[in-house]
Engineer: 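One structure, pasted below without further comment.
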Amino acid sequence: MKEILKKAEKLGCKIPHKKWSDIDRELGPVLRAMEETGIKLDVFEFQKLKKKLKTQSSKLKAQIIKLAGKDFNLASPPQLSEILFKKLKLPADDIKKNKFGISTGASELMKLRHKHKIIDLILEYRELSKLLSTYLEPLPKLVDDDSRLHTHFGEDTRTSRLTSSDPNLQNIPIRGSFGSEIRKAFIAEKGNLLISADYSQIELRIVACLSQDVVMLKAFRDGVDIHSKTASEIFDTPVVKITNEQRRVAKTVNFGVIYGISPYGLSQTLGIEQSRAAEYILRYFKIHSGIKRYCQEQVDLAKKLGYVETLFGFQRKLPEINSPIRAVAEGAQRMAINTPVQGTAAEVLKLAMIKLYKKLSAKEAKLILTVHDELIVEAPKTEAQNVAKLMKEIMENEVKLCIPVEVEIGIGRNWNEAKNSANKS
DNA sequence: ACAATGGTCC
DNA sequence: ACTCGGACCATTGTA
């Protein structure tokens, strides 16, 4: 306990006097209550969407079979691979191989988009069948008499992050053509509203704080767009001249840092040459020397102690860090870097949940969901504005990092509306 | 029942 | 040869 406070103080943080085990103990009842409350699904809208996608998906399937010139099981990667690369003879040179032959993963198929019109149809079909089989078909069967879905929260034993299963409500689509359509069907009870509160860049803020990297600390204190700032650094270009594409690359680099970046991994994610990815990383670490030092420190610590730990003292053991197999050792190195960041982010969220749960007990409002850096509360319309203010206040101040913690709040009749009404400022 | 493949989220 | 962190879940195909 003393060690934890000392460490926090050294980093310029103000934190509750708790260790991770205290947090988890207090969180238990909060999670059980959330499971019990559940979230309401607009089953009628869900079924409507289901029918729409089913029709669309059958049409696509027919077109694909016609183009393939042979009936086959589209859901079977081996069969699809056979069709694409044997029957249609698409070039497989740049495509990853797997146990069964040539990969048909989306990232690989993307490379073939301009070789044959069947590719786009397959990608679209995959998207629809994913939505149907994972969300649209199963979820309506799981609602209770009040049309509410009850997930089961658990905890990842390695990082302490919260998990959701049966059903998993932490991977409900948000991107893609139908993501927002699906989220629109997660609604508030009549007379209520949903309030969504999102931490803004919480993991990067934690990296900045744990590493004390002066450049990144300044960026967050100045309140600048962090990805544009990184782009400006990597591409040696003024922020105002940064293109959307450059910003996108920089965003991936920033995420890469959190994950324990490697040139190969970055090149795969961005679909670029490994040498170019290496160049980005080199430039990044040259400017963010504090982050570079932090990463090295974590790896050294893991080698010396056999574990790394979060701000609140949660430990992850990493014996593989001394493995003679390089891929294994490197994997452990990435975990040494990532786990304190991801774990600390989880702890910040959990502490906010505990505080919020207590404050809401006097109100009608109820916590109903958490998705890693987001909290959702359902509240009577009359209370919504006040509850929103309360959530923001608690989430931004329960744990004080050495830089501001920022939370975006949105209110709406459904999950989509709540997220989109967040005022960007 | 289980591995492999693929895909959704943060 | 090299898989950027962490989950959960669906389907196929083999055992």
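Any value given below was found using the heavy atoms of this structure, including those in side chains, with hydrogens, waters and symmetry copies removed. Numbers restart at 1 for each chain; the letters A, B, ... are given by sequence-line order, proteins then strands.
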Engineer: Check this for me, if you would: do Arg148(A) and Glu378(A) make a salt bridge, where the nitrogen-to-carboxylate-oxygen distance has to be below 4.0 angstrom?
Structural biologist: yes

Engineer: dT5(B) and dC2(C): how far apart are their P atoms, nearest whole angstrom?
Structural biologist: 13 Å

Engineer: Should the side chain of Arg334(A) and the base of dG5(C) be counted as holding a donor-acceptor pair, with the cut-off at 3.5 Å?
Structural biologist: no

Engineer: Where along residues 119-132 of chain A does a heavy atom fall under 4.0 Å from DNA chain B?
Structural biologist: Arg126(A), Lys130(A)

Engineer: Could Glu3(A) and Lys7(A) be called an ion pair, given the rule that one side-chain N must be under 4.0 Å from one carboxylate O?
Structural biologist: no

Engineer: Looking only at the side chain of Asn171(A) (C-beta and beyond, no hydrogens), which of the listed nucleotides dC4(C), dC8(C), dA1(C) gets closest?
Structural biologist: dC8(C)

Engineer: Contact list please: residues 22-55 of chain A against DNA chain C, heavy atoms, distance less than 4.0 Å, in numerical order.
Structural biologist: none

Engineer: What do you reckon, is CD of Glu36(A) surrounded by more than 12 foreign heavy atoms closer than 6.0 Å?
Structural biologist: no

Engineer: Answer yes or no: is there a side-chain heavy-atom contact under 4.5 Å between Glu398(A) and Pro16(A)?
Structural biologist: yes

Engineer: Going by heavy atoms closer than 4.0 Å, what residues in residues 281-303 of chain A are next to DNA chain C?
Structural biologist: none

Engineer: Do Trp415(A) and Phe186(A) have ring centres separated by under 6.0 Å?
Structural biologist: yes

Engineer: With DNA chain C as reference, determine whether His372(A) or Val328(A) sits nearer its 5' end, using the nearest nucleotide of each.
Structural biologist: Val328(A)

Engineer: Run the salt bridge (Lys or Arg N to Asp or Glu O under 4.0 Å) test on Asp120(A) and Arg113(A) for me, step by step, so that the C-alpha distance in whole Å, both residues' side-chain angles and the decisive distance to 0.1 Å come before the verdict.
Structural biologist: CA-CA 6 Å; Asp120(A) 277 336; Arg113(A) 284 181 68 174; 2.8 Å; yes

Engineer: Report yes or no: is there a donor-acceptor pair, N or O only, under 3.5 Å between the side chain of Ser262(A) and the base of dC4(C)?
Structural biologist: no

Engineer: Using a 4.0 Å cut-off to any heavy atom of chain A, which nucleotides of DNA chain B are the first and last in contact, reading 5' to 3'?
Structural biologist: dA4(B) to dC10(B)

Engineer: I'd like to know if Glu347(A) pairs up with Lys350(A) as an ion pair, taking the criterion as any Lys NZ or Arg NE/NH1/NH2 lying under 4.0 Å from an Asp or Glu carboxylate oxygen.
Structural biologist: no

Engineer: So Ile258(A), base contact, sugar-phosphate only, or nothing? Heavy-atom distance under 4.0 Å.
Structural biologist: nothing

Engineer: Between the side-chain atoms of Gln342(A) and the base atoms of dG5(C), is any donor-acceptor pair under 3.5 Å?
Structural biologist: yes

Engineer: Which of residues 74-88 of chain A sit near DNA chain C, with a heavy atom under 4.0 Å from it?
Structural biologist: Ala75(A), Ser76(A), Gln79(A)

Engineer: Strictly below 4.0 Å, N to O, side chains only: are Glu374(A) and Lys419(A) in salt-bridge contact?
Structural biologist: yes

Engineer: For nucleotides dT3(C) and dA4(B), find the distance between their C1' atoms and express it as a whole number of Å.
Structural biologist: 15 Å

Engineer: Tell me which donor-acceptor pairs under 3.5 Å the side chains of residues 293-304 of chain A have, and how far apart each pair is, sequence neighbours excluded?
Structural biologist:
residue	atom	partner	partner atom	Å
Gln296(A)	NE2	Asp300(A)	OD1	3.0

